[in-house]
Amino acid sequence: MELLKTKIQPLIEEAVEGLGVDSSLVGRMLQPSTGHTWPPVCDLSLPCFQFAKKLGMAPPAIAELLCEKIGEHEAIQEVKALNGFLNITASPSWLAQQLLSGGVGQRSDDERREVLIEHTSANPNGPFHVGRARNAILGDTLVRLHRLWGDKVTAEYYVDDMGKQVAVLAWALENMTEREVETLLADREPINPQWAEKADHQRVRWYQAAQLRRKDSADSEAIESAIGTLVHASEHGDQGVLDSFEQAYQPVLDGMLETLGRLGIHYDRFTKESLFVTNGDVAALMKELGDLEINGVADNGAQFLDLGQRGLKGKTEFFYRRGDGSSLYATRDIAYHRWKWTQCNELINVLGEDHRLQAQQVGLTLEELGERRPEVMFYSFIKLPEGKMSTRRGNVVFMDDLLEEAQAHAAEVLKERRPDLDPATMATIAEAVGTSAVRFNIISVSPEKGFTFRWEDALSFEAGSAPFVMYSHTRACSIRRNVEAADPSFITQPPQIEPFEGEMPAGLVELLRTLAVHDDRLSKVVKEHRPNLFANYMLQLSMAYNMFYRDCYVIDQGKVNPFFFAVSEMARTTLKAGMEALGLVALETM
RNA sequence: GGACGUAUAGUGUAGUUUGGAUAUCACUUCGGAUUUCUAAUCCGAAAACCCGGGUUCGAAUCCUGGUACGUCCGCCA
């Protein structure tokens with residue numbers, strides 16, 4: 001709790017110095033109590049173990065001594081020695097005053113940054129499946145969290161508009177008939193009629209059929225060489241070929257973006273990979289790389305960097321140029337990164353764990369060129385209970401299907417709970433609940449941990465899920481509506497808040513404490529790229545609000561309590577902003 | 001074979017960067033609250049740090065050796 005720490009640190013330092021020990025460590029040692037217990041036993045805690053040796057005293061005794069030395073302070077409710085810790089609890093009325101006066105959460109300009117976040121960047125060759133969605137959901141959440149913090153963010157999608165995957169798609173659309181495609185895919189699950197008009201679902205079948213023919217047909221060699229020619233042309237910047245590629249993939253990409261849009265995921269900019277080939281950046285880059293100390297040349301003229309000399313373990317040769325002089329994917333990625341650095345002062349990539357090595361190579365090369373390396377948030381792949389997700393084996397869950405299912409499930413729950421609602425409202429709420437639950441289910445797990453997709457988890461609407469948070473928010477909204485009905489002046493001209501008299505109910509204290517650590521948590525989450533911690537915070541905030549709701553009646557016997565209402569409103573706006581930062585729909589009624 | 005990542009109650013997870021208290025939250029199980037400012041709620045109980053060694057007053061956290069799972073090791077993208 002930084003809010004409290006800045007106020008009372010001098011007080012503690014003085015007390016520590018009074019014992020005759022160095023107080024310079026106090027700043028580092030004075031921490032929120034360890035988060036192992038919820039609710040926390042206190043707001044700030046000073047472990048006294050390090051002083052024990054110097055003073056020749058037992059830590060609990062030191063804590064006792066310090067405890068006696070700390071004087072009264074308006075911000076402190078209680079100082080207590082316990083098990084060798086000096087525990088400080090903030091005064092709830094002081095917290096309330098700080099929070100309600102609006103002084104909390106102001107960011108100075110030098111804390112705001114221009115951030116470019118690249119995420120998703122999936123090959124436009126087929127519909128989004130749940131595996132790919134982890135990238136988009138994590139990336140978009142990071143974008144939103146940075147915006148909540150006050151950063152200026154550009155969300156960017158790097159479009160893979162050249163190379164083999166798109167070439168296969170373009171070749172298939174040009175050379176195969178629908179009948180041929182369907183014959184080849186006869187033993188696969190047919191296209192879901194619901195998506196029959198959606199280009200990503202349509203065209204992926206051409207792609208899949210072509211993949212089969214490439215492997216396993218009489219003319220596979222001829223096909224391979226035709227595709228090879230296309231790839232080669234695209235890598236040399238042949239505009240005609242690039243245009244035909246675009247015609248092939250753009251409708252697919254549009255379909256994918258439609259799916260993402262349903263989850264509230266949007267981009268500020270799309271940058272095409274081919275740009276860096278056609279504008280000469282890649283050629284210039286390869287020339288520059290060739291002059292580096294660690295450059296090497298293979299027998300056929302291909303070139304690489306020996307990154308072993310820069311500490312890379314395992315495979316040390318990093319090829320950036322083929323024997324025929326053309327560039328590789330990673331080479332273009334480096335050119336792309338140099339360009340990205342001209343657009344921002346902080347760069348974040350969201351990448352699957354399969355990109356770890358390549359990200360190392362790109363990072364080391366950028367440093368070799370005198371650039372900074374980007375920060376990367378890696379995530380591990382989503383599996384199905386049956387095993388790895390694979391389009392080839394038909395073992396996939398499409399996002400489009402998941403979202404439909406989630407919506408339907410939410411509609412079912414709603415029908416029982418709110419039979420009074422009209423169908424249109426019900427559909428809107430069900431859509432919001434469904435998509436929010438799907439996002440939350442994925443966000444709330446640490447990115448680097450493995451994730452197994454389970455329908456029952458994704459569609460769970462109980463405590464610990466998005467609807468739990470959403471529900472707390474609707475309660476706060478409902479209270480606001482009731483207050484407005486009881487006395488509109490509370491909304492139009494909020495009254496002066498009198499300090500709270502007497503002892504605060506537990507739920508109120510808990511809510512104030514939780515609101516008070518909002519900025520601490522957000523700051524950590526944004527700096528360390530860990531959206532799941534904020535999801536966790538939102539659950540805590542919702543729980544705290546529910547406790548407050550239990551203990552404090554904003555409207556009691558028709559009369560509005562101004563203090564409770566002010567706290568409720570603060571929680572409501574904090575909940576709303578936090579939900580938006582996680583991409584959850586902040587419904588006002590559900 | 002090599003590089004990297006992960007391992008916490010029956011299940012899913014937080015905490016590990018910076019060692020410190022009774023290890024978080026939920027599902028499940030068991031028990032309780034309700035003529036409610038929206039019960040998709042609240043209160044209570046039971047239940048876990050992969051295995052071995054080391055450092056330390058103190059290890060889920062740091063070091064080391066195993067085991068299991070995942071990812072990568074293309075002049076592919």
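Everything numeric in this text was worked out from a predicted model, so none of it was measured. All chains are named by letter (A, B, ...) in the order of the sequence lines, taking the proteins before the strands, and each is independently numbered beginning at 1.
Between the CE atom of A:Met377 and the P atom of B:rG5 there is a distance of 17 Å, rounded to whole Å. Rounded to a whole Å, the CG atom of A:Asp160 is 6 Å from the C1' atom of B:rA77. Between A:Ile443 atom CD1 and B:rA14 atom P the separation is 14 Å, expressed in whole Å. B:rU41 atom P lies 17 Å from atom CG of A:Asp551, rounded to whole Å. Going from atom NZ of A:Lys383 over to atom P of B:rU6 covers 15 Å, rounded to whole Å. Computed from coordinates, the A:Arg332 CZ to B:rC75 C1' distance equals 12 Å when rounded to whole Å. Atoms CD (A:Glu353) and P (B:rA3) sit 18 Å apart, rounded to a whole Å. One interatomic measurement links the two molecules: CG of A:Asn536 to P of B:rU8, which rounds to 17 Å at whole-angstrom precision.
Both tests pass for A:Arg475 against the ring of A:Tyr549: distance under 6.0 Å to the centre and angle within 45° of the axis.
A:Leu533 comes within 4.0 angstrom of sugar-phosphate atoms only, judged by non-hydrogen atoms across all strands, and of no base. When heavy atoms are screened at a 4.0 angstrom cut-off, A:Arg480 is found touching no nucleic acid atom at all. Looking at heavy-atom distances under 4.0 Å, A:Met590 makes contact with a base. Residue contacts for A:Cys552: at a heavy-atom cut-off of 4.0 Å it reaches a base atom on one of the strands shown. Using a 4.0 Å heavy-atom criterion, one finds that A:Phe304 contacts no nucleic acid atom at all. Contact annotation for A:Ser478: base contact, defined as any heavy-atom pair under 4.0 Å involving a base atom. Residue contacts shown for A:Asn300 include a base, since a base heavy atom lies under 4.0 Å away. The residue A:Asp324 sits apart from the nucleic acid: no heavy atom pair falls under 4.0 Å. Within the 4.0 angstrom heavy-atom criterion, only backbone atoms of the sugar-phosphate kind lie near A:Gly450; the bases stay farther away. Among the atoms of the strands shown, base atoms are found under 4.0 Å from some heavy atom of A:Arg481. Among the heavy atoms of the strands, none lies under 4.0 Å from A:Lys527. Among the heavy atoms of the strands lying under 4.0 Å from A:Ala298 is at least one base atom, whether or not backbone atoms are also near. Residue-level contact check: A:Phe468 touches the backbone only, with heavy atoms under 4.0 Å from sugar-phosphate atoms and none from bases. Here A:Glu456 lies out of heavy-atom contact (under 4.0 Å) with every strand.
Within the 4.0 Å cut-off from OP1 or OP2 of B:rA3, not a single side-chain nitrogen or oxygen of A:Arg356 is found. Proximity of A:Arg322 to the phosphate of B:rA77: a side-chain N or O atom is located under 4.0 Å from OP1 or OP2. Applying the 4.0 Å criterion to OP1 and OP2 of B:rG15, one finds that A:Arg530 has a side-chain N or O inside that range. At B:rC42, one or more side-chain N or O atoms of A:Asn546 fall inside 4.0 Å of OP1 or OP2 (strictly under the cut-off). Here A:Lys164 does not reach the OP1 or OP2 of B:rG74: none of its side-chain N or O atoms lies under 4.0 Å away. Under 4.0 angstrom from either OP1 or OP2 of B:rA14 there lies at least one side-chain N or O belonging to A:Ser446.
The side chain of A:Phe49 approaches B:rG20 more closely than any other nucleotide in the set B:rG20, B:rA14, B:rU6. Out of B:rU16, B:rC37, B:rA77, the shortest distance to the side chain of A:Lys449 is found at B:rU16. In this structure, the nucleotide among B:rC37, B:rU71, B:rC42 sitting nearest to the side chain of A:Arg550 is B:rC42. Among B:rA14, B:rC37, B:rC43, the nucleotide with an atom closest to any side-chain atom of A:Val554 is B:rC37. Nearest to the side-chain atoms of A:Phe319 among the listed nucleotides B:rA77, B:rC72, B:rC75 stands B:rC75. Here the nucleotide nearest the side chain of A:Glu448, chosen from B:rG5, B:rA77, B:rU71, is B:rG5. Of all nucleotides listed (B:rC42, B:rA21, B:rG15), B:rA21 comes nearest to the side chain of A:Phe85.
Taking a 6.0 Å sphere around CD of A:Glu78, one finds it holds more than 12 heavy atoms contributed by other residues, nucleotides or ligands.
Mapping A:Met547 and A:Pro467 onto RNA chain B via the closest heavy atom, the residue that lands nearer the 5' end is A:Pro467. When each of A:Val231 and A:Cys42 is assigned the nucleotide of RNA chain B bearing its nearest heavy atom, the one mapping closer to the 5' terminus is A:Cys42.
Listed for the A:Arg481 side chain is a donor-acceptor partner under 3.5 Å among the backbone atoms of A:Glu588. A donor-acceptor pair under 3.5 Å links the side-chain atoms of A:Asp487 to the main chain of A:Ser489, judged by distance alone.
Side chain to side chain, A:Asp422 and A:Thr425 meet the donor-acceptor criterion of an N or O pair below 3.5 Å. No hydrogens or angles considered: nothing links the side chains of A:Tyr249 and A:Asn125 as a donor-acceptor pair under 3.5 Å.
Residue-to-nucleotide contacts include a donor-acceptor pair under 3.5 Å from the side chain of A:Ser45 to the base of B:rA21. On a pure distance criterion of 3.5 Å, a polar donor-acceptor pair joins the side chain of A:Lys524 and the base of B:rU17. With hydrogens and angles ignored, a donor-acceptor pair closer than 3.5 Å exists between the side chain of A:Gln31 and the base of B:rU18. At a cut-off of 3.5 angstrom, the base of B:rA21 holds at least one donor-acceptor pair with the side chain of A:Asn87.
Checked against the 6.0 Å centroid threshold, A:Phe318 and A:Phe304 do not count as a close aromatic pair. Taking the six-membered ring where the residue is Trp, the centroids of A:His473 and A:Tyr545 are separated by 6.0 Å or more.
The aromatic rings of A:Phe548 and A:Phe564 sit perpendicular to each other, their planes meeting at more than 60°, with 30° as the lower class boundary.
Searching all strands for a Watson-Crick or G-U wobble partner of B:rA26 with both distances below 3.5 Å returns B:rU11. Across all strands shown, B:rU61 forms no Watson-Crick or G-U wobble pair with both key distances under 3.5 Å. Across all strands shown, B:rC69 is found opposite B:rG5 as a Watson-Crick or G-U wobble partner, with both distances under 3.5 Å. Partner assigned to B:rU56 is none, using Watson-Crick or G-U wobble distances below 3.5 angstrom.
The same atom, C1', is picked in B:rG66 and in B:rU28; the two are 34 Å apart, to the nearest Å.
A salt bridge links A:Glu510 to A:Arg513: one of the charged nitrogens lies within less than 4.0 Å of a carboxylate oxygen.
With centres under 5.5 Å and a plane angle under 30°, the ring of A:Tyr549 is stacked against the base of B:rC37.
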